[in-house]
Amino acid sequence: MKTITILGSTGSIGQNTVDLIARNADAFRVVALTGGRNIELLAKDAIRLRAEVAVTAFEEGLESLRTLLAGTGIEVAAGRAALLEAASRPADWVMSAIVGSAGLEPGLAALRHGGTLALANKESLVCAGPLLLAEAERHGATILPVDSEHSAIFQALAGEDMEAVERIIITASGGAFRDWPLEKLKTATVAEASAHPNWAMGQRITIDSASLFNKAMELIEAHEFFGVRPDQIEAVIHPESLIHSLVAFRDGAMMAHVGMPDMRHAIGYALNWPERHALPVAPLDLVKAGAMTFRDPDENRHPALRLAREVMQTGGLSGAIFNAAKERALDGFIAGEIGFLDMAGIVETVLEKMPAAAEGITLDRVLEADAEARRIAGGITQSVH
Ligand code: NAD
Ligand code: MG
């Protein structure tokens with residue numbers, strides 16, 4: 001029986017994972033479920049999946065979680081240390097689906113007991129890619145990508161020689177504002193940015209899709225995970241979100257991953273890998289789908305993509321700085337402190353202000369750079385406000 005842990009079980013990826021596990025509950029034993037402030041959902045799923053331990057990342061949730069799980073025999077814990085302890089409990093397969101760089105340390109803790117880390121938390125690769133890959137190697141752990149684009153690329157690369165890869169083409173829906181004139185973006189609201197045309201996801205990644213920061217992170221994620229040069233990675237706008245990414249080989253062939261936009265495909269693929277099992281994902285009807293269109297993303301309109309290229313070139317701590325500044329700027333946009341277009345300007349300024357020297361990445365240096373980038377981004381946010 002496969003043992004499973006879900007870090008961030010109450011989120012969008014977490015809930016899709018819970019759905020897949022619950023459909024086949026007899027095949028799995030759940031070690032830990034962790035969540036944030038949605039205590040009811042965490043408790044409900046812990047009971048439903050008969051988890052060994054349920055952890056909320058925030059101390060203040062402990063009492064309600066304890067009350068909801070009283071008499072069930074499920075262990076209860078709260079706080080950052082409890083989260084890391086739960087992540088370090090041996091499990092064959094751990095879903096890393098916490099949002100933000102808060103997911104980095106729990107992911108590292110999970111890698112240390114070997115097994116498989118299904119990685120939705122792209123921030124860990126952006127902040128500390130080399131560290132994550134080295135830790136996986138040291139402990140004989142496997143990292144499988146869950147981001148739909150990277151799962152698509154991983155599948156297109158199966159059995160291929162990396163030497164034969166010329167380019168990786170990452171598709172982007174373009175997000176909520178893909179057809180908006182630049183002028184109108186200045187006054188875009190949080191509600192408008194939080195409505196994705198094709199995918200149902202957490203609010204933060206949905207807004208990042210509208211600003212193309214999500215795609216920017218995915219370029220860095222591909223660079224780190226697949227070890228390809230920045231100039232081999234392209235983004236292309238594909239509004240229908242049916243092709244999830246492509247790999248172009250030196251003989252001119254392009255392998256595309258095509259399917260309905262449903263995250264349970266990428267999650268289920270990582271869950272069943274290296275096998276393919278049936279999944280509750282609707283088959284794509286090509287005739288009904290009709291046309292698939294593509295266009296070039298305009299980097300003037302989307303400075304996030306240009307910044308991602310700079311980060312890939314610079315390396316070192318620039319990914320951690322980029323991500324933390326983006327997270328803080330996004331907090332500012334969600335709180336109504338800054339406008340939609342201010343986010344990229346803030347990230348660019350923080351990258352200019354902070355040294356990203358690349359003499360090796362350690363966890364401490366990543367966490368320090370993360371905190372400092374948030375502090376500087378916070379200061380700029382206040383001055384824009
Ligand atoms: P979400 O906001 O829906 O859920 C986030 C989860 O993390 C929740 O369980 C929340 O309780 C927990 N959490 C939040 N802050 C935390 C903290 N400080 N400490 C511990 N736990 C905390 O997010 P999501 O959309 O499910 O995304 C999760 C991750 O997966 C992100 O890294 C995102 O980029 C990535 N991802 C998501 C999708 C998607 O379809 N939603 C697709 C590709 C990649
Ligand atoms: Mg993606």
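Counting from 1, the numbers follow the sequence of the chain as shown. All ligand and atom numbering here is 1-based and tracks the order in the structure.
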Could you list the atoms of ligand 1 found under 4.0 angstrom from a heavy atom of [X]?
X: Gly202; value: 3 (O), 25 (O), 41 (N)
X: Glu123; value: 31 (C), 32 (O), 34 (O)
X: Ala57; value: 19 (N), 20 (C), 21 (N)
X: Asn121; value: 32 (O)
X: Met201; value: 39 (C), 40 (O), 41 (N)

Original post:
Has ligand 1 got any nitrogen or oxygen that is less than 3.5 angstrom from a nitrogen or oxygen of Thr10?
Top reply: yes

**OP:** Would you check the N or O atoms of Gly11, main chain and side chain alike, for any that come under 3.5 Å of an N or O of ligand 1?
**Re:**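 Yes; at least one N/O pair falls below 3.5 Å.
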
Within 6.0 Å of [atom1] in [X], more than 12 heavy atoms from elsewhere:
X: Glu60; atom1: CD; answer: yes
X: Glu163; atom1: CD; answer: no
X: Arg23; atom1: CZ; answer: yes

Subject >> Validation row: Trp93, Phe28 side chains within 4.5 angstrom (heavy atoms) >> reply: no

Subject >> Donor-acceptor contact present, side-chain Glu275 to main-chain Asn272, <3.5 Å >> reply: no

Original post:
Can the ring centres of His244 and Trp199 be said to be less than 6.0 Å apart?
Top reply: yes

Heavy atoms only: which of [options] is nearest to [atom]?
atom: atom 36 (N) of ligand 1; options: Ile205, Leu83, Asp262; value: Ile205
atom: atom 24 (P) of ligand 1; options: Pro145, Ser12, Ser9; value: Ser12
atom: atom 6 (C) of ligand 1; options: Ala97, Ala120, Ala266, Pro106; value: Ala97

Looking at [X] and [Y], does any basic side-chain N land under 4.0 Å from a carboxylate oxygen?
X: Arg328; Y: Glu337; value: yes
X: Asp331; Y: Arg204; value: yes
X: Glu135; Y: Arg138; value: yes

Looking only at protein heavy atoms, which one is nearest to [atom], and how far off is it?
atom: atom 22 (C) of ligand 1; answer: Ile98 CG2, 3.6 Å
atom: atom 34 (O) of ligand 1; answer: Lys122 CE, 3.2 Å
atom: atom 27 (O) of ligand 1; answer: Ile13 CG1, 4.3 Å
atom: atom 2 (O) of ligand 1; answer: Val99 CG1, 4.0 Å
atom: atom 44 (C) of ligand 1; answer: Asp147 OD1, 3.5 Å
atom: atom 11 (O) of ligand 1; answer: Gly36 N, 2.8 Å

**OP:** May I ask you to list the protein N, O or S atoms found at less than 2.8 Å from the Mg ion (ligand 2)?
**Re:** Asp147 OD1, Glu149 OE1, Glu218 OE2

**OP:** Anything under 30° is parallel, anything over 60° is perpendicular, the rest tilted; go ahead and classify His238 against Phe294.
**Re:** parallel

**OP:** Hey, can you tell me if Phe333 and Phe340 have their rings parallel, tilted or perpendicular (30° and 60° cut-offs)?
**Re:** perpendicular

**OP:** Check Ala102 against ligand 1 and report side chain, backbone, both or neither, counting heavy atoms closer than 4.0 Å.
**Re:**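 Just the side chain.
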
Original post:
Looking at ligand 1, does Met263 have a heavy atom less than 4.0 Å from it?
Top reply: yes

Would you please say whether a donor-acceptor pair under 3.5 Å links the side chains of [X] and [Y]?
X: Ser101; Y: Glu123; result: no
X: Thr67; Y: Glu63; result: no
X: Asn198; Y: Ser241; result: yes

Subject >> Derivation of the side-chain contact (heavy atoms from CB on, under 4.5 Å) call for Arg89 and Glu52 >> reply: CA-CA 10 Å; Arg89 292 190 188 194; Glu52 181 181 303; 3.0 Å; yes

